[in-house]
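The shown structure was predicted, so the numbers you read here are calculated from the model rather than taken from an experiment.
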Amino acid sequence: MRPIAFALAVLAAAPAAAPGFAAPLCDQFGFAGLLAKCNRGVPIELTLASGQPLFAGDGPVELQSGAYYELHVTADGSAELALHGPDFFRAIWMNEIVIEDIEVRPMAIDSLEFDAAGTVRLSFVAIKPGSYELKIPGSSGDSQRVVLAIR
């Protein structure tokens with residue numbers, strides 16, 4: 001058996017063989033693979049605004065390992081703010097970053113900084129299970145960070 005075919009066979013058998021293994025959201029990938037429409041989670045919305053919470057939801061954001069997500073970060077321009085999270089960005093496979101219809105396909109990033117109002121959309125596949133933090137650097141309040149838990 002060729003190495004690629006063997007690896008695919010092992011991955012296909014993993015959910016049944018390993019209890020607690022987080023499977024993708026669907027099993028009918030087709031040509032799109034993990035980027036298939038059925039394997040997409042709910043978009044994550046974050047807001048960078050002076051004195052406002054970063055994330056409007058409660059508790060950690062639960063992500064499924066092997067599933068495709070979009071992270072939408074919107075800055076209102078009230079202050080020069082950044083979003084920092086190198087551990088999280090190393091635990092995902094980044095498909096692209098879209099800024100004003102310009103698509104960037106990076107290997108890795110540590111943070112994003114907004115000098116003015118705008119929106120960035122990151123699309124990615126969650127990979128490495130664990131709890132990770134995205135936060136506004138230099139801030140200490142719980143509302144200035146969000147925990148993303150990949151299961």
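In terms of the salt bridge (charged side-chain N to carboxylate O under 4.0 Å, His left out) criterion, residue partners of D142 (sequence neighbours excluded) are, by chain and number, R145. A search for ring pair (Phe, Tyr, Trp, His ring centres under 6.0 Å) contacts involving Y68 returns nothing, not counting sequence neighbours.
A donor-acceptor contact shorter than 3.5 Å links the side chain of S78 to the backbone of S50. Under a 3.5 Å cut-off, the side chain of T119 and the backbone N or O of T74 do not form any donor-acceptor pair. E100 contributes no side-chain N or O that, together with a main-chain N or O of V120, makes up a donor-acceptor pair within less than 3.5 Å. With hydrogens and angles disregarded, a donor-acceptor distance shorter than 3.5 Å links the side chain of R90 to the backbone of I109.
Between F88 and V146 there is no side-chain heavy-atom pair separated by less than 4.5 Å. At a threshold of 4.5 Å between non-hydrogen side-chain atoms, the residues M94 and F89 count as touching. Contact of the E113 side chain with the E80 side chain is registered, since non-hydrogen atoms from C-beta on lie closer than 4.5 Å. Between L54 and T47 there is no side-chain heavy-atom pair separated by less than 4.5 Å. In this structure the side chain of L83 reaches within 4.5 angstrom of the side chain of L46, judged on heavy atoms. Between L148 and L134 there is a side-chain heavy-atom pair separated by less than 4.5 Å.
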*Please report the C-alpha distance between E96 and F124 in whole Å, then the side-chain angles of each, then the deciding distance to 0.1 Å, and finally whether the side chain to side chain contact (heavy atoms under 4.5 Å, CB included) criterion is met.*
CA-CA 7 Å; E96 67 183 7; F124 64 92; over 6 Å; no
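Linking Ile, Leu, Val, Met, Phe, Trp and Tyr whenever their side-chain heavy atoms come within less than 4.5 Å puts I44 and V73 in one cluster. Put simply, V61 and W93 are part of two different groups of oily side chains (I, L, V, M, F, W, Y) that touch within less than 4.5 Å, one to the next.
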